[in-house]
Amino acid sequence: MHRPSHSWLALVVSLPSASATVRMRIWRAVKALGCAALRDGAYLLPAQAEQAAQLQPLADEALQEGGQAWLLQVQATHMAEQAAYQTLFDRTADYTPWLDELAQARQLLPTLVGAELQRLQRRYARTYEAIRKIDFFPGEASIRAEAQWRDFANAVEALQSPGEPQTTAGRIARRDRMQYQGRLWATRRHLWVDRVASAWLIQRFIDPSARFVWLNAITDCPADALGFDFDGATFSHVGERVTFEVLLASFGLDGDRGLLRLGAMVHALDVGGATTPEAGGFEAVLAGARKRWPDDDALLADVGGVLDSLHAHFSTHRKP
């Protein structure tokens, strides 16, 4: 049922004095849903919130425990009243301690490695997502938190993937594929989205006899190798295009509908922007493959089959 944006749901619960355990359970539940407490036993939630559907089961539980419960639809009668209700959901008090802790954690990043970085990032990501989920009316604190989280995540990524390419300006020169056959290609090891997709593209469409070297550090790149997807590489990010898209343009492959759609998926996963329906699935498959195949040659062979299938799908499937 569609409810207007100024519509609210109020849950009013009264429980017998002996039901302290149930009272605490319901209080914890409404808090987790992001409800605002009007008074003891009375809670408010925007009717359009995703969590609104979970209020009725709480009312039912109160009734089953011998209490009383009412789930009421409340309408703000004017803008001032609407603003007063919204103020009850200001999440600044939730974001502030998280931001303080994030700033302290940022100072620790250079002292951590590998799994420690991942654990720390997951820890703060869980808290951030929990707050965002109940931030029904994002404001200044939300904007600040988003910016700080983006900076934190970028700092973690920079430590995990040294040499991650920075965008450069310039024109993408068209190249003759015949001049790039049987070459040695190099990129950073522990392949992720743009690197594995670019390696697949090179192998399937540019240089079928390509040989690859996976670099521990970009300074180890052999002099005769064609580098890709790192700062200073022959092929890397240009303007808004990620390496996969630069390779498409460089070798005249941007007329292939399937490759273009693959490029959109790689772009979304690598630098953000408009996502594609397949992006989340591919990212999950790649994450699983990295756990199964610590060797990058085996990883490329495995994920290459997935990219083959996606390319076939994108080349024939038409959106309704």
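To the nearest 0.5 Å, atom CG of residue Leu108 and atom CD of residue Glu116 are 10.5 Å apart. For the atom pair CZ (Arg261) and NE2 (His311), the distance works out to 11.0 Å, reported to the nearest 0.5 Å. Summarising the geometry, atom CG belonging to Leu58 is positioned 11.0 Å from atom CG belonging to Leu63; distances are rounded to the nearest 0.5 Å. Atom CG of Asp60 is separated from atom CD of Gln64 by 6.0 Å, given to the nearest 0.5 angstrom. Between the CG atom of Leu253 and the CZ atom of Phe244 there is a distance of 8.5 Å, given to the nearest 0.5 Å.
Taking a 6.0 Å sphere around CZ of Arg132, one finds it holds 12 or fewer heavy atoms contributed by other residues, nucleotides or ligands. Within a 6.0 Å sphere centred on CD of Glu129, heavy atoms belonging to other residues, nucleotides or ligands number more than 12. Heavy-atom contacts from other residues, nucleotides or ligands closer than 6.0 Å to CG of Asp224 number more than 12.
Between the side chain of Arg183 and the main chain of Leu226, no donor-acceptor pair closer than 3.5 Å is present. Between the side chain of Thr187 and the backbone N or O of Phe228 there is at least one donor-acceptor pair closer than 3.5 Å.
By the side chain to side chain contact (heavy atoms under 4.5 Å, CB included) test, Arg39 pairs with Val12, Ala42, sequence neighbours left out. By the ring-ring contact (aromatic ring centres under 6.0 Å, His included) test, Trp200 pairs with Phe205, sequence neighbours left out.
Donor-acceptor pairing under 3.5 Å is lacking for the side chains of Arg144 and Tyr95. Trp293 and Asp302 share a side-chain donor-acceptor pair at under 3.5 Å. Side-chain atoms of Asp295 and Trp214 include no donor-acceptor pair closer than 3.5 Å. For the residue pair Asp100 and Gln104, no side-chain donor N or O sits within less than 3.5 Å of a side-chain acceptor on the partner. Residues Gln86 and Trp8 have side chains that never bring a donor and an acceptor to within less than 3.5 angstrom of each other.
In this structure, Arg195 pairs ionically with Asp229, as a charged nitrogen and a carboxylate oxygen lie closer than 4.0 Å.
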- Message: If you apply the rule side chain to side chain contact (heavy atoms under 4.5 Å, CB included), what do you find for Arg91 with Phe89, and how did you get there?
- Response: CA-CA 6 Å; Arg91 301 302 179 192; Phe89 296 89; 3.5 Å; yes
- Start with the C-alpha distance between Leu112 and Val156, add both sets of side-chain angles, then the distance that settles side chain to side chain contact (heavy atoms under 4.5 Å, CB included), and finish with yes or no. CA-CA 10 Å; Leu112 305 177; Val156 171; over 6 Å; no
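Under the 4.5 Å side-chain heavy-atom criterion for grouping Ile, Leu, Val, Met, Phe, Trp and Tyr, Ile143 is not connected to Phe152 through any hydrophobic cluster.
Smallest separation of non-hydrogen atoms from Ala52 and Ala47: CB-O, 3.6 Å. Scanning both residues, Val196 and Leu307, for their nearest heavy atoms gives O-CD1, 4.2 Å. Counting all heavy atoms, side chain and backbone alike, Ile218 lies closest to Asp231 at CD1-O, 4.1 Å.
Between Phe235 and Phe251, the gap from one ring centroid to the other is short of 6.0 Å.
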